[in-house]
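Remarks on the structure that follows.
All residue numbers refer to positions in the sequence shown, counting from 1. Any value given below was found using the heavy atoms of this structure, including those in side chains, with hydrogens, waters and symmetry copies removed. Note that ligands are numbered from 1 as they come in the structure, with each ligand's atoms numbered from 1 the same way.
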Amino acid sequence: MMELPRLYAITDPKAYGEDFFGTLKKVLERGVRMIQLREKEISAREYYQKALKARQITREYSALLLINERVDIAIAVEADGVHLPENSLPPSVVKKLKKDLIVGYSAHNLESAIYAQQEGADFVTLSPIFRTESHPEVEPLGPGALKEVSQRLSIPVFALGGVTWDRIKLCYKNGAYGVASIRMFLS
Ligand SMILES: Cc1ncc(COP(=O)(O)OP(=O)(O)O)c(N)n1
Ligand SMILES: Cc1nc(C(=O)O)sc1CCOP(=O)(O)O
Ligand SMILES: [Mg+2]
């Protein structure tokens, strides 16, 4: 599999605002080349249409596009991959469906990160490393957890959750392959 970019932007319907695709273009203009389209509250039809447009835009920037959870939509729009939430389809099942799809996985502890690797995921996000607006009630794992998981995995680990530009160095010092974020790329 190709070497993955180190910066991974995750879209969010609220944070991206009314001009969703305009915001997506701004993130791409900043040089981000790996995008996760992540929707939790729209119909499959709307999700497909949004993914189709995101595919067209990301192609213009030669950026990777991964779709959150919906493998069917990822295949239908010729996305580069799918990003699996912790309790979604097993990565091995997705790989059987479409072996050339990049498979990311949302891990929240060492056990699930190891599971994802054993299941054939190409990378994991580990979250939340720092406190995040996305899940303000969740106790952050901290850089130490990132270090432990990065040492135990052979696949890339992206630090996710409350990552900011001034925390990137700390993430890399603790073994992160890259960083993932919603808000960092919007500030
Ligand atoms: C509304 C909602 N449903 C499910 C999840 C799953 O969280 P997670 O495993 O962290 O997966 P993603 O955040 O990558 O979708 C969720 N966060 N929100
Ligand atoms: C998509 C997602 N999942 C998380 C988790 O902990 O499961 S945190 C997150 C988004 C984090 O946004 P920001 O970079 O703005 O903190
Ligand atoms: Mg999550």
Side-chain angles (χ1 to χ4, degrees), residues 4-17 20 23-24 26-27 30 32 34-44 46-47 50-51 54 64-74 79-91 93-94 101-117 119 121-146 148-149 155-172 174 176-187:
L4 294 172
R6 305 285 179 148
L7 300 177
Y8 185 21
I10 302 172
T11 68
D12 177 90
K14 291 187 184 63
Y16 275 46
F20 179 89
T23 304
L24 175 60
K26 284 183 187 158
V27 170
R30 297 182 77 164
V32 178
M34 187 170 167
I35 301 290
Q36 181 194 145
L37 179 65
R38 180 176 180 273
E39 294 287 341
K40 297 290 182 184
E41 295 171 7
I42 58 178
S43 69
E46 290 166 317
Y47 203 167
K50 202 161 187 178
L64 294 177
L65 175 66
L66 286 81
I67 307 298
N68 185 277
E69 185 140 52
R70 297 294 303 251
V71 183
D72 51 349
I73 294 174
D80 300 283
V82 65
H83 193 103
L84 300 174
E86 194 153 45
N87 296 314
S88 59
L89 282 178
V93 170
V94 175
L101 272 184
I102 296 169
V103 176
Y105 185 88
S106 292
H108 302 91
N109 54 53
L110 175 61
E111 184 191 2
S112 73
I114 291 172
Y115 161 82
Q117 176 170 281
E119 275 282 322
D122 295 296
F123 71 91
V124 300
T125 54
L126 181 68
S127 62
I129 303 301
F130 309 101
R131 196 166 295 278
T132 170
E133 264 181 69
S134 294
H135 304 289
E137 77 292 349
V138 177
E139 207 47 40
L141 296 170
L146 175 61
E148 184 193 17
V149 172
I155 59 175
V157 178
F158 284 80
L160 171 66
V163 178
T164 56
W165 293 106
D166 56 11
R167 286 172 170 164
I168 288 185
K169 202 171 172 185
L170 179 61
C171 293
Y172 283 129
N174 283 279
Y177 169 88
V179 293
S181 179
I182 293 173
R183 294 165 192 85
M184 183 176 88
F185 300 111
L186 303 180
S187 60

Item to check | Any donor-acceptor pair under 3.5 Å from Y105 side chain to E86 backbone | outcome: yes
Item to check | Main-chain N/O of G162 paired to R167 side chain as donor or acceptor, under 3.5 Å | outcome: yes
Checklist entry - Taking N or O atoms only and a 3.5 Å limit, does R38 qualify as a polar contact for ligand 2? => result no
Checklist entry - Please state which protein non-hydrogen atom is closest to atom 8 (S) of ligand 2 and give its distance, to 0.1 Å? => result H135 CD2, 3.8 Å
Checklist entry - When you measure from the side chain of R131 to the backbone N and O of P136, does any donor-acceptor pair fall under 3.5 Å? => result yes
Checklist entry - Which heavy atom of the protein is the closest neighbour of atom 15 (O) of ligand 2, given with residue, atom name and distance? => result R183 NH1, 2.5 Å
Item to check | Nearest non-hydrogen protein atom, atom 14 (O) of ligand 2 | outcome: S181 OG, 2.7 Å
Checklist entry - Would you say Y47's side chain and R70's backbone share a donor-acceptor pair under 3.5 angstrom? => result no
Checklist entry - How far is atom 6 (C) of ligand 1 from its nearest protein heavy atom, and which residue and atom name does that atom have? => result P85 CB, 4.0 Å
Item to check | Minimum side-chain heavy-atom gap L7-F185 below 4.5 Å | outcome: yes
Item to check | Within-shell test, S106 vs ligand 2, heavy atom, strictly < 4.0 Å | outcome: no
Checklist outcome for this item: The atoms of ligand 1 lying under 4.0 Å from a heavy atom of N68, numbered in the order shown, are 12 (P), 14 (O), 15 (O)
Next on the checklist: Counting only heavy atoms, tell me which of L160, D12, I182, T11 gets closest to atom 2 (C) of ligand 2.
Outcome noted: L160
Next on the checklist: Is there a polar contact, in the sense of an N or O pair closer than 3.5 Å, between I10 and ligand 2?
Outcome noted: no
Next on the checklist: Counting only nitrogen or oxygen atoms and a 3.5 angstrom limit, does E133 reach ligand 2?
Outcome noted: no
Next on the checklist: Using only atom types and a distance under 3.5 Å, with no angle test, would you say the side chain of N68 pairs donor to acceptor with the backbone of E39?
Outcome noted: no
Checklist entry - What class does the angle between the rings of H83 and Y8 fall in, given that below 30° is parallel, 30 to 60° is tilted and above 60° is perpendicular? => result tilted
Next on the checklist: When you measure from the side chain of R38 to the backbone of I67, do you find a donor-acceptor pair of N or O atoms at a distance under 3.5 Å?
Outcome noted: no
Checklist entry - Which of the atoms of ligand 1 are close to E86, meaning less than 4.0 Å from one of its heavy atoms? => result 9 (O)
Checklist entry - Among Q36, H83, R38, E69, whose heavy atom sits nearest atom 16 (C) of ligand 1? => result R38
Checklist entry - If you round to the nearest 0.5 Å, how far is CG of L84 from OG1 of T125? => result 10.0 Å
Next on the checklist: Donor-acceptor check, side chain of T23 to backbone of Y16, threshold 3.5 angstrom: yes or no?
Outcome noted: yes
Checklist entry - Where is the nearest protein heavy atom to atom 5 (C) of ligand 2: which residue, which atom, and how far? => result S127 OG, 3.0 Å
Checklist entry - What is the nearest protein non-hydrogen atom to atom 14 (O) of ligand 1, stated with its residue, atom name and distance? => result S106 OG, 2.5 Å
Item to check | For atom 8 (P) of ligand 1, the option (of H108, E39, K40) bearing the nearest heavy atom | outcome: H108
Next on the checklist: Main chain of V103, side chain of D122: is a donor-acceptor contact present, judged purely on distance under 3.5 Å?
Outcome noted: yes
Checklist entry - Among all protein non-hydrogen atoms, which one is nearest to atom 16 (O) of ligand 2, and what is the separation to 0.1 Å? => result T132 OG1, 2.6 Å
Next on the checklist: Tell me the protein heavy atom at minimum distance from atom 7 (O) of ligand 2, and give that distance in Å.
Outcome noted: H108 NE2, 2.8 Å
Item to check | atom 10 (C) of ligand 2 - nearest protein heavy atom and its distance | outcome: S134 OG, 3.5 Å
